[in-house]
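Here the structure is laid out as structure tokens; the discussion comes afterwards.
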Amino acid sequence: MAKFDSPIYVTRPDFPPLEDFNEYLKKIWENKILTNNGPFHQELEHALTEYLGVKYISLFSNGTLALITALQTLRITGEVITTPFSFVATSHSLWWNGIKPVFVDIENDSFNLDPQRIEAAITPKTTAIMPVHVYGNPCNLDAIRKISETYGLKVIYDAAHAFGVKKRDDSVLNMGDLSILSFHATKVFNTVEGGAIVCHDEKTKMQIDHLKNFGFTDELTVVAPGINAKMNEIQSAYGLLLLKNIDSAIEKRSLVAQKYRGLLKDVKGIRCLYDIKGIRHNYSYFPILVDQNHYPMTRDDLYGLLKKNNIFGRRYFFPLISNFPTYNGLDSSRPENLPVATMVAKQVLCLPIYPALDLSDVEKICDIIIRQV
Ligand SMILES: *Cc1c(COP(=O)(O)O)cnc(C)c1O
């Protein structure tokens, strides 16, 4: 039947051609520079500002350190309003800065932070908002900007899913005070491990560059308690090679997403997240919601059934961040405060999507889902 002989995972990392990577490694061996803003690092920063359509970018060894450093850059303290429907690193970055996360519920259609509920969560201690462009779908940018202006709050977007995403031809990374990216192996664009902060002016870019290198501004001067979060030359070279083919990789992802949508659109109890018009998407994930009142089994049963067939979906994001022991004692973590996020976390299942996934395999996966009805 449809069972796969070898496992199909939710994602499969992109690799650059080995011969090309060998060439770049040779250059690194010749340059004798391994890290600390080397030539590949500089070239990748430049290439990414061009590709993404942003002014300044600072590369990091991973996205979590980029988040932590972004909060340090803006000297954020007190309370920050954020979403429970994300990867734990979003809230962990607050925790590592001694900041209290205040969870606000998400929208039922985009699964992003619901701007209508933000104001009620603002207290005298609130200093910033940290929204996430979940699955690469842009947040309600205008509404969040208005709130931040009214209350004098900073906005740091966790844009780990939003590589290359544009709204009306402008990068979503140009919104807010800072945006962070993740280049982890599982993301649309990867440098094995890696990340970045996007900012809008040269002074901030310099501050970020100092903070990711212990606070050094020159050989003898340390201006701040920085950290070591630098991207190295091997990671940068890897990224440069993948960037050459990123558009075709995203195009292949879009074909996979279209195939899923076409096949699943009329299945009772299965809801696909649809593309918002006017957005250049990156198809980083393909989430479905399984409504057990209309579909013959629960999300967890479908997850298990697919697994038996060698298909490994992921329940992103379940459990909610607010349910982990670090956070579940917070007042804002109560499920009554987060009804939409609680429902979505119970129903969501991300299906396999990556450039090398065959459309015939998508058909086989959908066949299993459809056959249960
Ligand atoms: C992947 C991810 C991160 C963390 O990035 P790393 O590079 O793995 O440290 C942060 N936030 C979100 C939403 C992510 O998906």
Side-chain angles (χ1 to χ4, degrees), residues 9-14 44 48 57-72 80-97 99 101 103-104 106 110-113 128-139 155-165 172-173 175-176 178-198 208 212 227-232 235-236 238-239 242 253 273 281-287 314-322 324 326-327 341 344-345 348 350 353-354:
Y9 294 107
V10 73
T11 188
R12 206 167 86 185
D14 285 348
L44 182 58
L48 283 172
I57 196 164
S58 184
L59 300 177
F60 276 73
S61 46
N62 63 62
T64 304
L65 283 169
L67 276 170
I68 290 172
T69 308
L71 291 159
Q72 284 282 322
V80 170
I81 290 170
T82 189
T83 170
F85 192 69
S86 180
F87 183 61
V88 281
T90 311
S91 289
H92 280 359
S93 71
L94 298 170
W95 201 264
W96 275 70
N97 277 290
I99 296 162
F103 296 111
V104 162
I106 59 172
S110 73
F111 308 158
N112 288 326
L113 197 58
I129 308 170
M130 186 180 268
V132 182
H133 304 297
V134 177
Y135 310 131
N137 279 312
C139 291
V155 179
I156 299 175
Y157 279 108
D158 180 339
H161 299 180
F163 186 88
V165 173
V172 297
L173 305 172
M175 302 302 289
L178 299 172
S179 289
I180 80 95
L181 289 162
S182 165
F183 306 146
H184 182 256
T186 54
K187 306 283 157 85
V188 165
F189 168 75
N190 90 81
T191 57
V192 187
E193 293 265 6
I197 302 180
V198 170
I208 294 166
K212 77 175 179 191
I227 199 161
N228 180 5
K230 303 183 297 291
M231 180 180 283
N232 67 48
Q235 288 171 289
S236 306
Y238 193 99
L242 278 191
R253 284 174 175 273
L273 193 63
H281 291 266
N282 64 10
Y283 307 96
S284 41
Y285 298 86
F286 195 85
R314 283 296 293 267
R315 288 164 286 186
Y316 288 140
F317 292 102
F318 168 80
L320 293 175
I321 300 176
S322 47
F324 288 115
T326 312
Y327 306 104
V344 174
V348 75
C350 285
I353 186 166
Y354 47 88

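Just the heavy atoms: all of them, side chains too, but no hydrogens, waters or symmetry mates, feed the values below. Just so you know, ligand 1 is whichever comes first in the structure, and atom 1 is the first atom listed for that ligand. For this chain, numbers begin at 1 and follow the sequence in order.
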Under the side-chain hydrogen bond (donor to acceptor under 3.5 Å, both in side chains) test, residues paired with E193 that sit two or more places apart: none

Are side-chain heavy atoms of V88 and T326 found at a separation under 4.5 Å? no

Once salt bridge (Lys or Arg N to Asp or Glu O under 4.0 Å) is applied, do any residues pair with R253, and if so which ones, sequence neighbours excluded? none

side-chain hydrogen bond (donor to acceptor under 3.5 Å, both in side chains) involving S110 - partner list, sequence neighbours excluded: E107

Pick out the protein N or O atoms lying less than 3.5 Å from any N or O of ligand 1, and list each pair with its distance.
unit_1	atom_1	unit_2	atom_2	d
ligand 1	5 (O)	S182	OG	3.2
ligand 1	7 (O)	G63	N	2.8
ligand 1	7 (O)	S182	OG	2.7
ligand 1	9 (O)	G63	N	3.3
ligand 1	9 (O)	T64	N	2.9
ligand 1	9 (O)	T64	OG1	2.6
ligand 1	11 (N)	D158	OD1	3.4
ligand 1	11 (N)	D158	OD2	2.8
ligand 1	15 (O)	H161	NE2	2.8
ligand 1	15 (O)	K187	NZ	2.9

Do any N or O atoms from the side chain of H184 and from the backbone of T186 form a donor-acceptor pair under 3.5 angstrom? yes

Can you classify the ring geometry of F111 versus Y135 as parallel (below 30°), tilted (30 to 60°) or perpendicular (above 60°)? perpendicular

